[in-house]
Number of protein chains: 2
Amino acid sequence: MTATIKDVALRAGVSPSTVSRVISNHPRISEKTKREVRQAMEELGYHPNMLARSLAKKSAEAIGILIPSTTEEFFMNPFFPELLRGISEVAKREGYDLLLSTSDTGKEDVRTLTRMIHGKRVDGVLLLSSRMQDPLMQVLKENPFPATLVGRPQDDTPICWVNNDNVAAAYQATRHLIDLGHQRIGYLGADESLLVTRDRLQGYHQALDEAGIPADRRLMFASTFMEQGGFMGMMRLLALPDRPTAVVASDDLLAFGAMRAAGELGYRIPEDVAVVGFNNVRLTEMSNPSLTSVDVRIFELGTAAAQLLIEQVRDPEVTGKSVTVPTELVVRHSCGGNNRQGGYGL
Amino acid sequence: MTATIKDVALRAGVSPSTVSRVISNHPRISEKTKREVRQAMEELGYHPNMLARSLAKKSAEAIGILIPSTTEEFFMNPFFPELLRGISEVAKREGYDLLLSTSDTGKEDVRTLTRMIHGKRVDGVLLLSSRMQDPLMQVLKENPFPATLVGRPQDDTPICWVNNDNVAAAYQATRHLIDLGHQRIGYLGADESLLVTRDRLQGYHQALDEAGIPADRRLMFASTFMEQGGFMGMMRLLALPDRPTAVVASDDLLAFGAMRAAGELGYRIPEDVAVVGFNNVRLTEMSNPSLTSVDVRIFELGTAAAQLLIEQVRDPEVTGKSVTVPTELVVRHSCGGNNRQGGYGL
DNA sequence: TTGTACGCGTTATCAG
DNA sequence: CTGATAACGCGTACAA
């Protein structure tokens, strides 16, 4: 079978502990034996058994990623790969592997998390979404374990988190529409139990209030983070007798769906309906018209989350820290107020 | 600290091995002690240490995923999450966790793979792309280890793989354009060192040959699997004195980029230029015009790959098996020959 | 049906 | 600077 540390020791004529020291670059070890051991390792094609190492060191050098129970939906959204890219970037840099765990039901979610916590296969966990009354928070409260949330905790759970100021961001997006003269503005949200959906809705309300525009329940829909959800929502909005002239979509995919719906009904964008999205995924530049969207810096959310988690892993004192990643409204052509480009493509 | 198997044994008044047997559902064990042990586990909040278990069982119950060295590019493409979704689906069903490993340089690629192979943290590896002269194949040849390739091996490496018949698929796509009356047809490929790029190019050539259309080197470009690559390629194609009237893009993203380029130059699609893509990602339905594309069943590629890998893990006899996932040309509006829809959105 | 003893491959502690 | 020895937590022959 594969060579173990003992085989190397035997061949190099030293003890296993010495080999171990060479591996971990122990300072007090002679250059000579270091060379000899290294050569023995080379000759035997030795590679350390990470399992045994982790068991002994009580550290797995890996972090777990808990994909929300709405797996399919989550995978579909361009948000996910970009976030993962950010996470992966710093994980690799810091020498951690990534353990992915999906789970389709909410119940299973909890079991997956507890397994991660007690299974000792990961040193910390990244939670990729936060919802109302999230049972996962409860689990974390009962079992102290390095964890970072992408989003924000609903209550005072002493967890680390990385988030945008979604209220302010939605305020700004809505305000943009108001400044362009819109008075009837719709809101297309995703899953209502998600905190982002609520936060962005709140920002939307704030902007309306400030402008003295009465809120209208009929102008707000919550569906899913997918194109289809935006499509359906927009269909219903445009069917209203006093239809909105602008729409804030809490996700770019929703916005794309909304634009498609408007197009199919014969409305022009932005002349008849203005649309603003969230996330600023790559596609926003390529859609027709290009989509005005709030850049939430997904990649940075990912790097920050991983960074924060690893901090906790290395120093148990760290807890309850949070990072707020700034947002920025990127104005393109879906809201008017500037030149409109036509064209083919996405 | 966390409870171990010994603590449970002590509490239940049995030996550790008995507890171990209860955990693994050993047949010959009395219902009574089974209950008692289970209760003790419950009371102590016991969860098995996966590291220790794996070390003892010599099986990690996890499979590794090796993301190609062009990490960024790979994450950007909708192909990836969909593939991952397929993999994740069966991995979860079969009780395997997923270990993700990225690496940016080719050199590092090899080290990542060898680490996976010898680190004992995974029972098998999924390779997500195959290129010419791939050094990873060499590594696999020298170190027998369960592995499955999404794509095909270039030579006779006895590895399992899951692929489409890319030659036939590209033939069909090109043939579709020829049947519509096109004679000057361009080809936009991705990274030339990737086998898919080559296979699809070959299918393109086959169709041309069969139709007696001479191949023209100036009509073929290779870039990256990204929108920008398609954009640039199309720009150059349309700048030719005898520009093509149709284009086969080896990836939907390339096709979208190509459409955008055509649009910006004032060409109409499909009237002036027809475009066919590959992969049939979700966006194809939503683009304007909707994109005719070869459905390669990404999700199925993922499930098949994971399935095949797990088969190998469980039965070392399995080797050199391969699965070819069927493809299907999905005709939409980017090639003409049917009614054209307009509209907004993606 | 259950317990004992040992091994899985490494690291850490303590001598020397 | 190096070598025994004891964990790390669990599975499994072998014995009872």
Side-chain angles (χ1 to χ4, degrees), chain A residues 1-38 40-41 44-62 95 97 115-123, chain B residues 1-38 40-41 44-62 95 114-123:
Chain A
M1 278 302 281
T2 53
T4 78
I5 206 171
K6 285 180 189 168
D7 302 323
V8 177
L10 211 63
R11 176 151 195 142
V14 296
S15 81
S17 13
T18 302
V19 176
S20 174
R21 290 195 181 94
V22 172
I23 294 173
S24 50
N25 265 317
H26 192 94
R28 283 191 303 251
I29 193 134
S30 80
E31 280 303 324
K32 178 165 165 290
T33 52
K34 205 181 279 185
R35 261 200 313 281
E36 289 170 350
V37 169
R38 291 243 168 79
M41 294 192 340
L44 287 148
Y46 169 80
H47 289 266
N49 181 322
M50 300 304 284
L51 293 176
R53 175 204 290 262
S54 296
L55 182 62
K57 293 203 359 175
K58 292 173 172 305
S59 115
E61 290 167 56
D97 272 331
R115 265 190 47 219
M116 275 216 184
I117 292 180
H118 300 292
K120 301 293 182 218
R121 263 221 281 233
V122 296
D123 301 323
Chain B
M1 276 303 283
T2 53
T4 77
I5 208 171
K6 284 182 189 167
D7 302 323
V8 177
L10 210 62
R11 177 156 196 135
V14 296
S15 82
S17 40
T18 302
V19 177
S20 174
R21 291 193 181 96
V22 172
I23 293 174
S24 51
N25 266 316
H26 194 94
R28 286 191 300 252
I29 194 136
S30 81
E31 281 302 325
K32 176 165 166 290
T33 51
K34 205 181 278 186
R35 261 200 312 281
E36 290 171 347
V37 168
R38 290 244 168 80
M41 293 192 341
L44 282 112
Y46 169 80
H47 289 266
N49 181 321
M50 300 303 285
L51 292 175
R53 175 205 288 263
S54 296
L55 184 61
K57 292 199 7 171
K58 291 173 171 304
S59 111
E61 290 167 55
T114 47
R115 266 192 47 218
M116 277 215 182
I117 293 181
H118 300 292
K120 301 295 182 214
R121 263 222 280 236
V122 296
D123 301 324

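Everything quoted here is computed from the prediction, not taken from an experiment. Just so it is clear: chains get the letters A, B, ... in the order the sequence lines come, proteins before strands, and each one is counted from 1.
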Asks: Looking only at the side chains, is there a donor atom on one of A:S17 and A:S20 sitting less than 3.5 Å from an acceptor on the other?
Replies: no
Asks: Partners of A:R121 by side chain to side chain donor-acceptor pair (under 3.5 Å), sequence neighbours excluded?
Replies: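 Expected list: B:D97.
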Asks: Please confirm whether the shortest side-chain N or O distance from A:T33 to OP1 or OP2 of D:dT2 is below 4.0 Å.
Replies: yes
Asks: Considering just the side-chain nitrogens and oxygens of B:K58, establish if one lies under 4.0 Å of OP1 or OP2 belonging to C:dG9.
Replies: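 Yes, because at least one side-chain N or O of B:K58 sits under 4.0 Å from OP1 or OP2 of C:dG9.
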Asks: Testing the basics here: between B:D123 and B:E61, what is the closest heavy-atom pair and its distance to 0.1 Å?
Replies: OD2-N, 2.7 Å
Asks: What pair of heavy atoms forms the shortest contact from A:I5 to A:P16, and how long is it?
Replies: CD1-O, 3.9 Å
Asks: How about B:V8 and B:V14: do any of their side-chain heavy atoms sit closer than 4.5 Å?
Replies: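 Answer no - side chains too far apart.
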Asks: Need one value for B:L55: base, sugar-phosphate or nothing, where a base atom within 4.0 Å counts as base even if backbone is also close, heavy atoms only.
Replies: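 Answer is base: heavy atoms of B:L55 come under 4.0 Å of a base.
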Asks: By side chain to side chain contact (heavy atoms under 4.5 Å, CB included), which residues pair with B:A52, not counting sequence neighbours?
Replies: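 Side chain to side chain contact (heavy atoms under 4.5 Å, CB included) check on B:A52 returns A:L55, B:N49.
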Asks: Starting at CE of A:M50 and ending at C1' of D:dC8, how long is that distance when rounded to a whole Å?
Replies: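 So the CE-C1' distance, A:M50 to D:dC8, works out to 16 Å.
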Asks: Whole-Å distance between C:dG3 P and B:I5 CD1?
Replies: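 The answer, rounded to whole Å, is 12 Å.
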Asks: Output the distance between atom OG (A:S54) and atom CG (B:L51), rounded to the nearest 0.5 Å.
Replies: 5.5 Å
Asks: Quickly work out the B:L51 CG to D:dG11 C1' distance and round it to whole Å.
Replies: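 It works out to 15 Å between those atoms.
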Asks: What is the distance from CZ of B:R121 to C1' of C:dG9, rounded to the nearest Å?
Replies: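 One finds 14 Å between C1' of C:dG9 and CZ of B:R121, rounded.
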Asks: Would you indicate what B:V19 reaches in the nucleic acid, counting non-hydrogen atoms under 4.0 angstrom: base, sugar-phosphate, or nothing?
Replies: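 Since no nucleic acid heavy atom lies under 4.0 Å of B:V19, the category is nothing.
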Asks: Let me check the geometry of the helix from C:dT1-D:dA16 to C:dG16-D:dC1. What is the bend angle between the axes at its two ends, five pairs each, to 10°?
Replies: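 The end-segment axes of the helix from C:dT1-D:dA16 to C:dG16-D:dC1 are tilted 40° relative to each other.
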Asks: Who passes salt bridge (charged side-chain N to carboxylate O under 4.0 Å, His left out) against A:K6, sequence neighbours left out?
Replies: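 Expected list: none.
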Asks: Restricting both atoms to N or O, compile the protein contacts to nucleotides 12-15 of chain D shorter than 3.5 Å, with distance only.
Replies:
unit_1	atom_1	unit_2	atom_2	d
D:dA13	N6	B:R21	NH2	3.2

Asks: Within the structure, does a side-chain N or O atom of A:R53 lie under 4.0 Å from either OP1 or OP2 of C:dT11?
Replies: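 Yes, within the criterion.
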Asks: Quick one: which of D:dC8, C:dT1, D:dT2 gets closest to the side chain of B:S30?
Replies: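 Output: C:dT1.
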Asks: Distance check needed: D:dG11 C1' versus B:N49 CG, whole Å only.
Replies: 13 Å
Asks: In whole angstrom, give the distance that lies between atom CG of A:N25 and atom P of C:dT10.
Replies: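 To the nearest whole Å, that distance equals 16 Å.
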Asks: If you take all heavy atoms of B:A40 and B:A12, which pair is closest and at what distance?
Replies: CB-CB, 3.9 Å
Asks: Tell me: NE2 of A:H26 to P of C:dT13, nearest whole Å?
Replies: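 It works out to 11 Å between those atoms.
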Asks: Quick test of your reading: applying salt bridge (charged side-chain N to carboxylate O under 4.0 Å, His left out), list the pairs with at least one residue in residues 13-27 of chain B, sequence neighbours left out, ordered by first then second residue.
Replies: none
Asks: In whole angstrom, give the distance that lies between atom CG of A:L10 and atom P of C:dT10.
Replies: 14 Å
Asks: Is there a side-chain polar atom (N or O) of A:S15 under 4.0 Å from OP1 or OP2 of D:dG3?
Replies: yes
